[in-house]
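Counting begins at 1 with the first residue of the sequence. Note that ligands are numbered from 1 as they come in the structure, with each ligand's atoms numbered from 1 the same way. Only this structure's heavy atoms are used, side chains among them; waters, hydrogens and symmetry mates stay out.
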Amino acid sequence: MQESVSEIIEAYKKKFGGDHPVVVRAPGRVNLIGEHTDYNDGFVFPVAIDRSALICGKKTGESRLRLYSIIYDQTVEYPLKGFERDSEHGWANYILGVVRELQNMGHHLPGADIVNSCTIPLGSGLSSSAALEVAVSTFFQEVAGLDIPAAEVAKLCQRAENEFVGVKCGIMDQFISRLARKGTALFVDCRSLEYQHVPFDNPDIKILICNTGVKRGLVDSEYNTRRSECEEGAAFFANELGTEVKALRDVTIGQFEKYESELPENVRKRCRHVITENQRVIDAKQLLKNGDYEAFGELLYDSHVSLRDDYEVSCRELDIMVEILKEQDGVIGARMTGAGFGGCTVSIFNLQDDISHDSIIEEIGRKYAEATGITSDIFFSSAESGVSVMH
Ligand code: GLA
């Protein structure tokens with residue numbers, strides 16, 4: 001991390017000149033359990049990882065934004081007000097979207113020169129976009145002296161992605177990047193936005209993230225289809241059970257079982273996933289509090305099966321990775337994480353006996369390459385803290 005911070009400061013000085021820029025770091029995330037529940041007003045349970053989006057910049061007296069991306073090696077410039085979505089430089093829209101939202105909220109932002117970089121693998125389902133949004137919002141809060149409550153930051157970043165970037169994501173990714181606390185997982189009620197930091201700091205319990213290397217090609221269109229199938233399900237239950245059913249969050253497993261045969265097959269499967277997944281998140285939180293990691297791990301396996309068979313957002317490579325993980329010594333649970341159709345798995349290991357991390361990574365990587373021909377990026381991560389301004 002220190003290396004990437006020095007690199008981004010150097011890049012800033014070279015590109016824009018000037019001393020003492022503001023550096024902001026916002027983490028990516030891995031969701032332990034609670035997938036495709038956030039936009040159904042349900043529960044999620046992510047942790048922040050030790051890979052981050054970085055912003056380095058300064059306010060200027062000019063009414064323009066100059067942005068440089070280290071990853072794409074591109075510099076772009078926009079007027080501070082009245083800019084449009086940039087179809088040529090997709091990465092810039094995450095920054096512009098947040099600026100637009102802050103302006104829509106009535107905040108007067110200064111012009112700025114900003115460099116952006118990222119140690120989260122892009123397009124791998126570890127929320128590099130949400131991390132960038134949260135970093136940008138925090139940067140402008142710092143340079144413009146704004147005090148915006150944490151949940152509002154998550155919401156404005158989500159709106160930036162929904163409205164300016166055009167991706168209809170839920171609130172989970174922005175929420176964890178803003179609110180994470182080291183050594184904890186974050187239980188979030190995505191309806192009320194109440195949350196709880198649950199300790200995840202047993203030194204023997206490790207999180208392993210395996211990137212399948214499959215870019216999530218189908219994800220946007222399929223994501224939107226799943227959302228509308230869930231809405232169809234919620235409307236059906238509101239009709240049967242009354243208007244207090246606003247989302248699938250309000251349907252119990254018992255109610256679902258009573259009416260499931262009346263639902264079209266796809267909608268039935270989507271509802272079953274969301275309704276049972278919500279229960280798994282509630283159970284997982286309790287198990288983690290009790291230190292019952294074995295039972296917690298079982299829920300991860302169950303979640304994968306539900307995402308694979310009922311929600312149908314897994315893919316061959318994710319399934320292979322989970323099967324490989326299941327056979328490893330010390331593993332207690334594994335599943336796909338994030339939106340699906342590629343991206344990463346999350347798995348939990350109990351490594352009391354000090355088994356070498358490198359040999360685990362090497363063995364999984366070798367088996368996965370044999371099965372798929374793909375070289376994967378595999379790494380352990382602890383539960384990290386949320387966004388911070390580095391002075
Ligand atoms: C993406 C979205 C999140 C969430 C997950 C699935 O990461 O950005 O809001 O819906 O997919 O759980």
Visitor: Does the cation-pi check pass for Arg272 over Phe256, that is, NZ or CZ under 6.0 Å from the six-membered ring centre and within 45° of its axis?
Guide: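 Here Arg272 fails the 6.0 Å and 45° test against Phe256.
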Visitor: Would you please classify the geometry between the Phe237 ring and the Tyr259 ring as parallel, tilted or perpendicular, with 30° and 60° separating the classes?
Guide: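 Tyr259 and Phe237: perpendicular rings.
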Visitor: Test Ser303 against every option in Arg280, Arg308, Glu277 by the side-chain hydrogen bond (donor to acceptor under 3.5 Å, both in side chains) rule and name the one that passes.
Guide: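 So the option named by the test is Glu277.
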Visitor: Test of understanding: with salt bridge (charged side-chain N to carboxylate O under 4.0 Å, His left out), list the residues that count as partners of Glu384, not counting sequence neighbours.
Guide: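 Glu384 satisfies salt bridge (charged side-chain N to carboxylate O under 4.0 Å, His left out) with Lys182 once adjacent residues are dropped.
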Visitor: Determine whether Phe164 and Val76 fall in the same hydrophobic cluster, where Ile, Leu, Val, Met, Phe, Trp and Tyr are linked whenever their side-chain heavy atoms lie under 4.5 Å apart.
Guide: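 Both belong to a single hydrophobic cluster.
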Visitor: Pairs under 3.5 angstrom, nitrogen or oxygen on both sides, ligand 1 versus protein: list them out, please.
Guide:
from: ligand 1; atom 1: 7 (O); to: Arg29; atom 2: NH2; distance (Å): 3.0
from: ligand 1; atom 1: 7 (O); to: Asp173; atom 2: OD2; distance (Å): 3.0
from: ligand 1; atom 1: 8 (O); to: Asp173; atom 2: OD2; distance (Å): 2.7
from: ligand 1; atom 1: 9 (O); to: Asp38; atom 2: OD2; distance (Å): 2.6
from: ligand 1; atom 1: 9 (O); to: Gly170; atom 2: N; distance (Å): 2.8
from: ligand 1; atom 1: 10 (O); to: Asp38; atom 2: OD1; distance (Å): 2.8
from: ligand 1; atom 1: 10 (O); to: Asp38; atom 2: OD2; distance (Å): 3.4
from: ligand 1; atom 1: 10 (O); to: Tyr223; atom 2: OH; distance (Å): 2.6
from: ligand 1; atom 1: 12 (O); to: Glu35; atom 2: OE2; distance (Å): 2.6
from: ligand 1; atom 1: 12 (O); to: His36; atom 2: N; distance (Å): 2.7

Visitor: Do Asp204 and Tyr293 meet the criterion of a side-chain donor-acceptor pair at a distance under 3.5 Å?
Guide: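 No - no donor-acceptor pair under 3.5 Å links their side chains.
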